[in-house]
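Source: prediction; values computed, not measured.
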Amino acid sequence: MNEKLLKPYNPKETEERIYKLWEDSGFFNPDVCIKKGVTEADAEHFSIVLPPPNVTGNLHTGHALMLVIQDIMIRQARMQGKKTLWLPGTDHAAIATQSKVEKLLEKEGIRKNDLGREEFLKRVEKFAKESHDTIINQCKKMGATLDWSREAFTLDEARNLAVKTAFKKMYDDGLIYRGHRIVNWDPKGQTVISDDETIYEERKGKFYTFKYGPFEIGTARPETKFGDKYVVMHPDDKRYKKWDHGDKLTVEWINGPIEATIIKDKIIDMEFGTGVMTITPWHSHEDFQLAEKYKLYKEQIIDKFGKLLPIAQEFSGMKITEAREKIVEKLKNKGLLVSVDENYTNRVATAERTGGMIEPQIMLQWFVDVNKKIPARGNKSLKELMLEPVREGKIKIIPNHFEKVYFNWIENLRDWCISRQIWYGHRIPVWYKKKETGKKMGFAGDIVNQVLDTKTKTYRLRDHNLSVGDEIAFEDSSAGNIFGYGKITKIEQTIVGKIDLEDKKHWRTYEKTEDLIKAFKRHHPDKEVDESTPVWIYTYEFTSPIHCGIEAPKDEDWTQDEDTLDTWFSSGLWTFSTLGWPNKTKDLETYHPTSVLETGHDILFFWIARMILMSQYLLGEIPFKNVYLHGMVRTSDGKKMSKSLGEKAIDPLDIVAKYGNDALRMAMVVGNTPGNDLKLNENDIRGYGKFTNKIWNASRFVLEQTKDVAVFNPKNYDAEDRKSEDELKNLIKEVTKEMNEYRFSIVSEKLYHYFWHTFADIIIERSKKKILEDKNALSAKTLLHRHLNILLRTLHPFVPFVTEEVWSMIPDYKSLLMVEKWPND
RNA sequence: GCGCGAUUAGCUCAGUUGGUAGAGCAGGAUGUUUACACCAUCAAGGUCGUAGGUUCGAGUCCUACAUCGCGCACCA
């Protein structure tokens, strides 16, 4: 009898030692399992890629939950003799990590611009490295049997190659384009973010009603209203019957009279306010769409820092928050203020990571076109490629009601903005040619912005001293980098007043010559411009101005795009970039598509959808067969568990230290069904700690009672014991089936219950009598031994530490329990 | 506004083809026998959110409603 068994089970003493045993065995690596004869070389595969934790700090309970569920699946698969790979990694989490480091630097009084890109990145990388090490250590403490030899990082060299390869392919297929679209600008983080990274918050604000000519219009944001020159109403609204679409009228507005145009569109809700609104296309998604529809003039009012531009005249340079009341004051003094509703609740968009208020802006950014048909993929769009496998059941989402949510999201999907104005991340693999001529162009602001677009191939420019055949460069006025090259094919000289504004393809932003003159003046404040000012119109042909590739162009005068990619771009490649793609590796061939993707339902869109997109498009196959979505871990009072909750939050590692890993695992699995949130409280965990000790004590009894028996042959069973063994076999059969259906809650509960209330309470108690009275003692002992053996194997995925430790004390111990066979007879 | 989920014992939750409700924790009583007080034995605890419907039979299927939570859209 092992000395240790005489004392109560001590998880603290056991767990670290056991994990080392497992790790040293090499069995986390399927290749080793094959080499050592544990797995057949031609066995079916079972693979999971670990959702890579962000390198922003520590593991939390959500991570613990995913590690537990995945480890259970992996351990069972390994015991079933499958070629089992669980591939670990971490995520650089671009914005999240960068903003975290910025905050840390702030405490030292340092700003990222003081350091410069290179130095700042060094700091981020140092932080990321430290976080990474902590996280990996914590994963090991959680008992995760991850194959560390294959560890990946979303920003390492191999993954960078995958990202660049994917980008280039999409670029070449015309799926990635650069253009001016309305995007979510985060003035605090100074970057664009995707629709999914915005969070709506309810805020109390004021709702103003102003007189706008004969109309009354409502707004919560008077500071954006300077340029409003379109007034929109519903075509069926009887109140405004006398106005027709396209009618023009002069109204007195903030800075004097302006000419307004009537737009009639069904987008208007007649019930809301007065049923009339004015629009600000540059700073509102909906207004932008309306402006696109009717080819309306768009004008920027607010700059990248949330300050008003010169169009605001006396308010120019003011922060919008500060200007708001002053503008209202001015309108009030002009007699244009009708009313103020003080109890208006407005939903404002904020940035998920920085908390900054989102300001929609029209900006030059990179996008993934989700609607373009792809000839190489059966003329389907990315949207269709995402929908199809789920609709056809090739990918199953558990629980399946999330499939509806998934479809709904995809149907409403807009082009995915993938460029970010941050430093930490995959640099966009695009280079622009550096040339002096680019500066001479100097064509700034919305005039250029509206004309230039990499999606179309010819462009017209004016106001430059160039001749036919000249190569010229385009400069992005906001970022200051050159983004394109071309050749002049035609030059026409004319005067401002004669510019053909009907040519909507090229001059769609200008309704009237006056608008053009105003724009001219704004961009060239030093020049006198009027209708008779001579201008040149250059017809320009795009040559090959942009280099998109894996490597930078050889010659020197190329400069790389400053932006980095949305972190989810690299995460989307995760199921195959980790297996060696774009190289044709054996791993890729063996383990892809992966078997299961297990993660929280909160990243269904962020991540799962994008993995399906990338895999379907780049590989022409699904990334995984099943998606298992677990719920959010909450505190006992229902709050989402996070560090900010302080005491209420449970640190998984504290719990492990206190009650043992096995206890935490059971608490996370029993009663936790997919998709439903898990309320975790310490009491439950303590309860399952008792269970591990129960296993320990029962094992002690069995091992003590059976040590004098050499052979445990079922032939020795009496009728009662034979029946018990049959019952157990039935249970195992049931449980095996339920494991395949991912019903871990049921399985863990059944095993718990069987072990305690059948094996311990009935079988062990019964055996005592038989052994004591020496009546059918051999039968009893055989049953005890076989039961323990089978139960340890079945329980192992759920409570691996205590079962492994007990297993090692069985006299005929041969190998680690983790590679023993899952009972199947 | 649209959609999804939840509502079952004091608490946390299971309950898969519809067949007379199940765990854990907490609380109560008793007890120490070849493992285990991180224990055992016993008892108590539920008109399964409400109202209808389908059915021989409904926690389970259908309809409506209520409350809570979540997602999406709108919000001029």
Checklist entry - Under 4.0 Å between a side-chain N/O of A:Trp756 and OP1 or OP2 of B:A40, yes or no? => result yes

Q. Can you find a pair of side-chain heavy atoms, one from A:Ile263 and one from A:His245, that are under 4.5 Å apart?
A. yes

Out of B:C36, B:C75, B:C72, minimum distance to the side chain of A:Asn412 belongs to B:C72

Exercise for review: Please work out if A:Glu765 contacts a base, only the sugar-phosphate, or nothing of the nucleic acid, heavy-atom cut-off 4.0 Å.
Suggested key: base

Q) Are any side-chain N or O atoms of A:Thr350 and backbone N or O atoms of A:Ile199, one a donor and one an acceptor, separated by less than 3.5 Å? A) yes

A:Met666 CE to B:A23 P, in whole Å, measures 15 Å

Is a side-chain donor or acceptor of A:Asn346 paired with a backbone partner of A:Val348 at a separation under 3.5 angstrom?
no

A:Ile764 atom CD1 is separated from B:U33 atom P, nearest whole Å, by 18 Å

task = Could you measure between the two P atoms, the one in B:U60 and the one in B:G18, and give it in whole Å?
result = 11 Å

Original post:
With a 4.5 Å limit on heavy-atom distance, are the side chains of A:Asn776 and A:Asp721 in contact?
Top reply: no

Using a heavy-atom cut-off of 4.0 Å across all strands, would you classify A:Gly273 as base, sugar-phosphate, or nothing? nothing

Rounded to whole angstrom, note down the C1' distance from B:U50 over to B:C38.
43 Å

When rounded to whole Å, the CG to P distance for the pair A:Asn697 and B:A40 reads 10 Å

Original post:
With a 4.5 Å limit on heavy-atom distance, are the side chains of A:Thr219 and A:Lys225 in contact?
Top reply: yes

A:Asp677 side chain to A:Met632 main-chain N or O, any donor-acceptor pair under 3.5 Å?
yes

(Q) Quiz question: going by heavy-atom distance under 3.5 Å, is there a donor-acceptor pair between the base of B:A73 and the side chain of A:Glu411? (A) no

For salt bridge (Lys or Arg N to Asp or Glu O under 4.0 Å), just list the numbers for A:Asp684 and A:Lys679, CA-CA rounded to whole Å, side-chain angles, deciding distance to a tenth of an Å, and then say yes or no. CA-CA 10 Å; A:Asp684 289 351; A:Lys679 276 186 196 162; over 6 Å; no

Hey, is the main chain of A:Leu629 close enough, under 3.5 Å, to the side chain of A:His601 for a donor-acceptor pair?
no

>> Within the 4.0 Å heavy-atom criterion, would you say A:Leu678 contacts the bases, only the backbone, or no part of the nucleic acid?
In response: nothing

Taking only nitrogen or oxygen atoms into account, show me every contact under 3.5 Å that the protein makes with nucleotides 3-6 of chain B, one pair per line with its distance.
from: B:C4; atom 1: OP1; to: A:Lys404; atom 2: NZ; distance (Å): 3.4

Any A:Lys679 side-chain nitrogen or oxygen under 4.0 Å from OP1 or OP2 of B:G69: no

How about A:Tyr752 and A:Tyr688: are their ring centroids closer than 6.0 Å? yes

- Task: Could you work out the separation of B:U47 and B:U8 based on their P atoms and round it to a whole Å?
- Result: 12 Å

TODO: Describe the nucleic acid contact of A:Ile746 in one word from base, sugar-phosphate, nothing, applying a heavy-atom distance below 4.0 Å.
DONE: sugar-phosphate

Q.
Please verify the inter-ring angle class for A:Trp253 with A:Phe210; under 30° counts as parallel, over 60° as perpendicular, anything in between as tilted.
A. perpendicular

Result for 5'-nearest mapping on RNA chain B, choosing between A:Glu741 and A:Glu773, is A:Glu741

Checking B:C75, B:U12, B:U41 against the side chain of A:Asp761 (C-beta onward), the nearest is B:U41

Among the nucleotides B:A35, B:C36, B:C75, whichever has the atom closest to the side chain of A:Tyr200 is B:C75

What does A:Asp287 touch in the nucleic acid at a heavy-atom separation under 4.0 angstrom: a base, only the sugar-phosphate, or nothing?
-> nothing

Answer yes or no: does a side-chain N or O of A:Ser745 lie under 4.0 Å from OP1 or OP2 of B:A14? no

A:His757 NE2 to B:A23 P, in whole Å, measures 8 Å

Between CZ of A:Phe407 and C1' of B:C2 the distance, given in whole Å, is 18 Å

- prompt: How would you label the contact of A:Tyr344 with the nucleic acid (heavy atoms, under 4.0 Å): base, sugar-phosphate, or nothing?
  reply: sugar-phosphate

A:Asn681 atom CG is separated from B:C25 atom C1', nearest whole Å, by 8 Å

**P atoms of B:C4 and B:C61, separation to the nearest Å** = 14 Å

A:Arg766 atom CZ is separated from B:U41 atom P, nearest whole Å, by 15 Å

Checking B:G24, B:U34, B:A73 against the side chain of A:Arg347 (C-beta onward), the nearest is B:A73

Here the distance between atom C1' of B:U34 and atom NZ of A:Lys781, to the nearest Å, is 11 Å

Write down the distance separating the C1' atoms in B:C74 and B:C13, rounded off to the nearest Å.
37 Å

Determine the Euclidean distance between corresponding P atoms of B:G59 and B:A51; express it in Å to zero decimal places. 13 Å

### Query
When the C1' atoms of B:A35 and B:C70 are considered, how many whole Å apart are they?
48 Å

Inset, instruction - For A:Ser284 and A:Asp287, indicate whether the former's side chain and the latter's backbone hold a donor-acceptor pair under 3.5 Å. - result: yes

For this session: Determine the interatomic distance between C1' on B:C75 and the same-named atom on B:A6; round to the nearest Å.
Result: 28 Å

Q: Could you check whether A:Thr673 gets within reach of a base, just the sugar-phosphate, or nothing at all, counting any heavy atom under 4.0 Å?
A: sugar-phosphate

Output row for RNA chain B, stems defined as at least 3 consecutive Watson-Crick or G-U pairs under 3.5 Å, is B:1-7 with B:66-72, B:10-13 with B:22-25, B:28-31 with B:39-42, B:49-53 with B:61-65

| query | Aromatic ring centroids of A:His787 and A:Tyr754 under 6.0 Å? | reply | yes

Report which part of the nucleic acid A:Leu772 touches: base, sugar-phosphate, or nothing (heavy-atom distance under 4.0 Å, all strands). base

- Message: Is there, by distance only and without an angle test, a donor paired with an acceptor across the side chain of A:Lys694 and the base of B:C38 below 3.5 Å?
- Response: no

Q | Pair of N/O donor and acceptor under 3.5 Å linking B:U34 base with A:Gln705 side chain | A | yes

_Could you check whether any side-chain heavy atom of A:Phe605 comes within less than 4.5 Å of a side-chain heavy atom of A:Val405, counting everything from C-beta outward?_
yes

Assert: residue with more 5' nearest nucleotide on RNA chain B, out of A:Lys225 and A:Asn683, is A:Asn683

